[in-house]
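Residue numbering restarts at 1 for every chain, and letters A, B, ... go by the order of the sequence lines. Any value given below was found using the heavy atoms of this structure, including those in side chains, with hydrogens, waters and symmetry copies removed.
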Protein chains: 2
Amino acid sequence: MTSTDARGRRRPADKFEDRRRELADAALQTLATLGYARTSLREIAQNSDFSHGVLHYYFRDKVELITYCVQRFKTQCVERYDAVATHATAADALARDAGDGLAATLESDALMHRLWYDLRSQSMFEESFRLDVGEIDAGLERMIWRIVTTYAHLSGREPACTSATAYAAFDGLFQQALLRHLAADPEALDDLRAGTRLLLERLV
Amino acid sequence: MTSTDARGRRRPADKFEDRRRELADAALQTLATLGYARTSLREIAQNSDFSHGVLHYYFRDKVELITYCVQRFKTQCVERYDAVATHATAADALARDAGDGLAATLESDALMHRLWYDLRSQSMFEESFRLDVGEIDAGLERMIWRIVTTYAHLSGREPACTSATAYAAFDGLFQQALLRHLAADPEALDDLRAGTRLLLERLV
DNA sequence: GAGGGTCTTGGACAGTCGTCAAGAAAAACC
DNA sequence: GGTTTTTCTTGACGACTGTCCAAGACCCTC
């Protein structure tokens with residue numbers, strides 16, 4: 001049902017899913033630039049190759065589109081953050097790489113991270129987002145915990161906090177850095193790097 | 001200009017400001033329950049004793065109303081958080097009081113805290129909010145720093161991090177606890193209390 | 001109590017929103 | 001090539017938005 005035939009043509013079910021992905025990407029781009037509150041279906045369609053009516057051919061309503069976007073955003077997040085998982089062999093090198101990695105993705109994907117915090121705030125009001133948002137948060141928590149446990153192992157120590165506490169602290173650090181970076185604070189990235197090293201050292 | 005006359009009647013300038021406050025409070029209540037994205041001027045008016053037209057008598061437009069609300073919200077925040085500033089005489093008692101205080105305000109004012117994170121996310125998209133949001137953040141940072149430095153003094157140590165890093169970590173902790181509390185996680189409050197004690201101990 | 005400024009109402013306005021349906025266009029099939 | 005099916009465009013709908021305004025209600029002073 002999801003395979004291709006002998007001539008390499010996609011089967012109908014695949015085409016349908018491909019178009020959904022294409023429209024969801026246009027929606028994500030619009031959401032990242034305008035924010036959830038100001039994003040309309042017509043604006044999304046204008047950022048794609050299609051007219052606004054086609055959105056209801058591929059999605060039942062706006063909620064299904066946004067939900068699909070959140071899920072798609074999640075997979076992009078996991079891919080992006082897995083790249084941060086380093087292969088360092090020394091504790092201080094790992095701490096430096098982690099700080100650099102977080103600062104790099106904050107700078108290059110600032111708009112997407114901004115959207116993430118916007119959608120997570122929306123999930124506090126709109127229950128239909130909560131499941132997907134919770135799964136993204138869980139994935140990020142695992143990513144942070146991998147770094148913390150690796151750092152602990154490399155330095156011959158044990159983590160001094162739970163996985164949830166470690167993620168909460170790093171997420172707060174990242175969010176503050178993003179806020180200041182978007183407000184054109186030139187020290188935001190350096191403070192994120194320094195804060196990452198300090199938190200790693202203090203939490204294990 | 002802001003005083004009352006001999007008979008205790010308010011001067012016109014005061015009446016004007018009082019009505020602005022009254023309408024802003026109705027707006028804040030609406031914002032806290034619906035969120036920024038779903039709050040309209042008519043909805044705000046319905047949560048007050050007036051009709052929707054009066055909003056443009058006291059506020060130039062929606063942006064000025066919302067901005068005024070954010071400023072008003074800030075003063076409420078400062079008042080609320082100053083109550084958390086404890087007068088403990090021992091380090092472990094201070095850590096316990098701080099955790100209990102944060103957990104208490106999270107539980108009793110959950111909707112207002114939800115609104116705060118919503119508005120802070122909006123400030124990443126809407127530049128007109130940034131100044132006020134930044135000032136609120138700075139006030140919260142001072143509140144956290146007061147707790148951290150007091151804790152350090154009581155335990156005869158020095159803070160191991162900057163004020164910004166400490167606030168970022170505690171803010172992340174609080175926001176995760178709020179997310180889980182709103183998602184009906186029964187352990188959210190206890191984890192916030194435990195996390196507060198752990199962060200205090202580890203960051204000084 | 002009359003007059004005049006302050007305050008409030010409720011409706012009208014031009015846009016925009018999500019949604020839908022009819023039909024054109026394109027693609028797939030025989 | 002003609003027919004059927006899938007895909008897409010276009011225009012319309014009712015509801016809702018922020019904004020504005022004419023008219024009335026209110027309140028204070030003389």
Side-chain angles (χ1 to χ4, degrees), chain A residues 1-27 30-31 33-69 122 125-126 128-129, chain B residues 1 4-27 30-31 33-69 122 125-126 128-129:
Chain A
M1 209 213 281
T2 60
S3 61
T4 57
D5 68 13
R7 283 200 283 271
R9 275 189 329 223
R10 301 293 183 85
R11 300 270 301 268
D14 279 334
K15 273 188 69 173
F16 193 78
E17 265 307 303
D18 283 351
R19 182 83 359 130
R20 275 167 72 98
R21 268 193 287 270
E22 185 177 354
L23 291 172
D25 283 338
T30 310
L31 284 165
T33 57
L34 294 182
Y36 176 82
R38 275 168 289 280
T39 295
S40 70
L41 294 182
R42 283 173 175 80
E43 196 82 34
I44 292 172
Q46 263 183 334
N47 279 24
S48 76
D49 296 330
F50 306 95
S51 66
H52 69 273
V54 82
L55 287 170
H56 281 85
Y57 183 78
Y58 289 98
F59 299 96
R60 194 181 336 113
D61 52 17
K62 192 183 182 185
V63 172
E64 189 188 289
L65 168 60
I66 301 286
T67 303
Y68 187 88
C69 283
Q122 291 307 317
F125 295 92
E126 186 112 355
S128 46
F129 291 168
Chain B
M1 209 213 279
T4 56
D5 69 11
R7 283 201 282 270
R9 276 189 327 221
R10 302 295 184 83
R11 302 263 305 266
D14 278 335
K15 271 187 71 174
F16 193 79
E17 265 307 302
D18 282 352
R19 181 85 357 131
R20 275 168 72 97
R21 268 193 286 271
E22 186 177 353
L23 291 172
D25 282 339
T30 311
L31 283 164
T33 56
L34 294 181
Y36 175 82
R38 276 168 287 280
T39 295
S40 69
L41 294 182
R42 281 171 175 81
E43 196 81 36
I44 291 172
Q46 264 186 334
N47 280 24
S48 76
D49 295 332
F50 305 95
S51 67
H52 69 273
V54 83
L55 288 170
H56 282 84
Y57 183 81
Y58 291 97
F59 298 95
R60 195 183 335 114
D61 53 15
K62 191 183 183 183
V63 172
E64 190 188 287
L65 168 60
I66 301 285
T67 303
Y68 186 90
C69 283
Q122 292 306 317
F125 295 92
E126 186 112 355
S128 47
F129 290 168

Open item on the list: Just the rounded figure in Å: distance from P of C:dC7 to CZ of B:R20.
Closed with: 13 Å
Cut-off 3.5 Å, no hydrogens considered: what does the side-chain donor-acceptor table look like for residues 60-67 of chain A, sequence neighbours left out?
{"unit_1": "A:R60", "atom_1": "NH2", "unit_2": "A:E64", "atom_2": "OE1", "d": "3.0"}
{"unit_1": "A:D61", "atom_1": "OD1", "unit_2": "A:V63", "atom_2": "N", "d": "3.4"}
{"unit_1": "A:D61", "atom_1": "OD1", "unit_2": "A:E64", "atom_2": "N", "d": "3.0"}
{"unit_1": "A:K62", "atom_1": "NZ", "unit_2": "A:T39", "atom_2": "O", "d": "3.3"}
{"unit_1": "A:E64", "atom_1": "OE2", "unit_2": "A:R20", "atom_2": "NH1", "d": "3.3"}
{"unit_1": "A:T67", "atom_1": "OG1", "unit_2": "A:V63", "atom_2": "O", "d": "2.7"}

Task: Neighbours of DNA chain C within residues 50-63 of chain B, by heavy-atom distance under 4.0 Å - done: B:F50, B:S51, B:H52, B:G53, B:V54, B:Y57, B:Y58
For residues 42-53 of chain A, tabulate all N or O donor-acceptor pairs below 3.5 Å that involve a side-chain atom, not counting sequence neighbours.
{"unit_1": "A:N47", "atom_1": "ND2", "unit_2": "A:T30", "atom_2": "OG1", "d": "3.2"}
{"unit_1": "A:S48", "atom_1": "OG", "unit_2": "A:A45", "atom_2": "O", "d": "2.8"}
{"unit_1": "A:S48", "atom_1": "OG", "unit_2": "A:F50", "atom_2": "N", "d": "3.2"}

Open item on the list: Between the side chains of B:R21 and B:D18, is the shortest nitrogen-to-carboxylate-oxygen separation below 4.0 Å, so that they form an ion pair?
Closed with: yes
Open item on the list: If I take atom CG in residue A:D14 and atom P in nucleotide D:dT6, what distance separates them, rounded to the nearest angstrom?
Closed with: 16 Å
Open item on the list: Suppose we screen for side-chain hydrogen bond (donor to acceptor under 3.5 Å, both in side chains). Which residues come up paired with B:Y58, at least two apart in sequence or across chains?
Closed with: none
Task: Nearest-angstrom distance from the residue atom CZ of B:F16 to P of C:dG5 - done: 18 Å
Open item on the list: I need the NZ-C1' distance between B:K15 and C:dC7, as an integer number of Å.
Closed with: 8 Å
Task: For the student: nearest non-hydrogen atoms of B:C69 and B:A24, plus distance - done: SG-O, 3.6 Å
Open item on the list: The criterion is ring pair (Phe, Tyr, Trp, His ring centres under 6.0 Å); which residues satisfy it with B:F125, sequence neighbours excluded?
Closed with: none
Task: Value rounded to 0.5 Å, distance of OH in A:Y36 from OH in B:Y36 - done: 13.5 Å
Open item on the list: Between P on C:dT19 and CD on A:E64, what's the gap in Å once rounded to a whole number?
Closed with: 11 Å
- [ ] Under 4.0 Å from any atom of DNA chain D, heavy atoms only: list the residues of residues 34-46 of chain A that qualify, in numerical order.
- [x] A:R42
